[in-house]
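Excluded from the calculations below are hydrogen atoms, water molecules and symmetry mates; all remaining heavy atoms, backbone and side chain alike, are included.
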Amino acid sequence: MFPSMDPWEVALWIVATWLAVVSLVRLMAYHRDRLVARLHDQLRWERRQQAEMIMARKRRAAARREAASHNPAP
C-alpha cells in the first residue's frame, strides 16, 4: 500500500474509516426516519382536514334537504 506506513498505521486508518462510514450511515438513517415521521404526520393531518371538510359538506347538504322537506316550495 504505502511503503512508509507500518501495519498498525494501516489498521488505524481502516478502523477510523469504518467508524466514519458507520457514523455517517447511522446519522443519515436517523435523519431519514425523522423526515418520514414528519411527512406521515403531515399526511395524517391533511387527510383529517379533508375528512372534516367532507363531513361538513354532508351535514350542510342534509340540513338543506331537511329544511326543504319542512318548507315545500309554493
Novice: Can you list, by chain and residue number, the hydrophobic cluster partners of Val15 when the side-chain cut-off is 4.5 Å?
Specialist: Trp18, Leu19, Val22
Novice: For Leu43, which fellow cluster members are found when Ile, Leu, Val, Met, Phe, Trp and Tyr are connected by side-chain heavy-atom distances below 4.5 angstrom, either directly or through intermediates?
Specialist: none
Novice: Output the rest of the hydrophobic cluster of Leu24: all Ile, Leu, Val, Met, Phe, Trp and Tyr residues reachable through side-chain heavy-atom contacts under 4.5 Å, sorted by chain and number.
Specialist: Met28
Novice: Which residues end up grouped with Leu35 if you chain together Ile, Leu, Val, Met, Phe, Trp and Tyr wherever their side-chain heavy atoms are less than 4.5 Å apart?
Specialist: Leu39
Novice: Got a sec, which pairs hit salt bridge (Lys or Arg N to Asp or Glu O under 4.0 Å) with one end in residues 40-62, sequence neighbours left out?
Specialist: Asp41-Arg44
Novice: In chain order, what residues pass the side-chain contact (heavy atoms from CB on, under 4.5 Å) check against Ala29, with sequence neighbours excluded?
Specialist: Arg32
